[in-house]
Amino acid sequence: MQVRRPQLRMVLESFASLPDVTIPEGFRLVRPEGYRTWWMHMLNENGELGKWDEERVAGAFRGRSRVWEESVHFIVRDDVPVATACVQLHDDRPDWPELGWIAASPGFRGKRLGFAVTVAVLHFMRSAGYRQCFLRTDDERLPGIKLYLNLGFKPEMTDPSHPGRWERILSELNWESA
């Protein structure tokens with residue numbers, strides 16, 4: 001039986017150095033109403049974020065830790081969602097929103113859509129008055145971790161297993177830690 005390790009955390013301490021939102025040609029950034037079916041489809045299609053049904057989606061939008069309805073962004077091609085990201089709010093830390101549920105359709109990976117939708121959501125947080133944020137990720141999500149590092153996120157050590165795990169990940173990415 002494999003023991004589940006705590007997720008890794010990363011912190012962005014300031015939105016001051018965000019790049020501009022740049023959407024690749026042929027794609028559009030949207031925040032449509034009535035998008036929950038799109039969101040469920042994207043999270044399932046991604047294949048790395050568990051199984052989603054209407055009940056799980058509804059639960060993600062309520063409670064002490066919940067997805068912020070207005071924050072869900074999509075990148076679409078021909079009105080079909082191909083990437084998404086959003087903000088998760090936590091009642092116990094209202095000043096620290098979480099960047100979350102970043103997903104791209106497998107057929108569209110490598111087109112910088114995850115980067116574009118992530119930057120759009122970070123700009124959304126900044127425009128809402130937030131000054132910093134955090135995210136959670138897993139050891140095997142190396143392309144995502146590299147994206148976050150490039151945006152200025154820094155590893156946060158919240159578990160005794162984190163220093164060794166981060167050392168291995170940064171080495172695999174050939175990333176010079178500050």
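- D53 contributes a side-chain N or O that, together with a main-chain N or O of E55, makes up a donor-acceptor pair within less than 3.5 Å.
- With a 6.0 Å cutoff to the six-membered ring centre and a 45° limit on the axis angle, R36 counts as a cation-pi contact of F61.
- A salt bridge links R5 with D139: the distance from a Lys NZ or Arg NE/NH1/NH2 to an Asp or Glu carboxylate oxygen falls below 4.0 Å.
- Without hydrogens or angle criteria, R64 side chain to D91 main chain gives no donor-acceptor distance under 3.5 Å.
- Side-chain atoms of H90 and R93 include no donor-acceptor pair closer than 3.5 Å.
- At least one donor-acceptor pair closer than 3.5 Å links the side chain of H162 to the backbone N or O of T158.
- Centroid-to-centroid, the aromatic rings of W52 and W101 come within less than 6.0 Å.
- Taken to the nearest 0.5 Å, the CZ atom of F153 stands 8.0 Å off from the OG1 atom of T118.
- Distance CG/L113 to CZ/F74: 13.5 Å, rounded to 0.5 Å.
- In this structure, R9 does not pair ionically with D159, as no charged nitrogen and carboxylate oxygen lie closer than 4.0 Å.
- Counting only distance, with no hydrogens or angles, the side chain of S105 and the backbone of G107 share no donor-acceptor pair below 3.5 Å.
- At a threshold of 4.5 Å between non-hydrogen side-chain atoms, the residues R165 and P6 count as touching.
- A salt bridge between E13 and K154 is absent, with no side-chain N of the basic residue lying under 4.0 Å from a carboxylate O of the acidic one.
- Aromatic ring centroids of H73 and Y35 lie 6.0 Å or more apart.
- Using a 4.0 Å cut-off between charged side-chain N and carboxylate O, D138 and R141 make a salt bridge.
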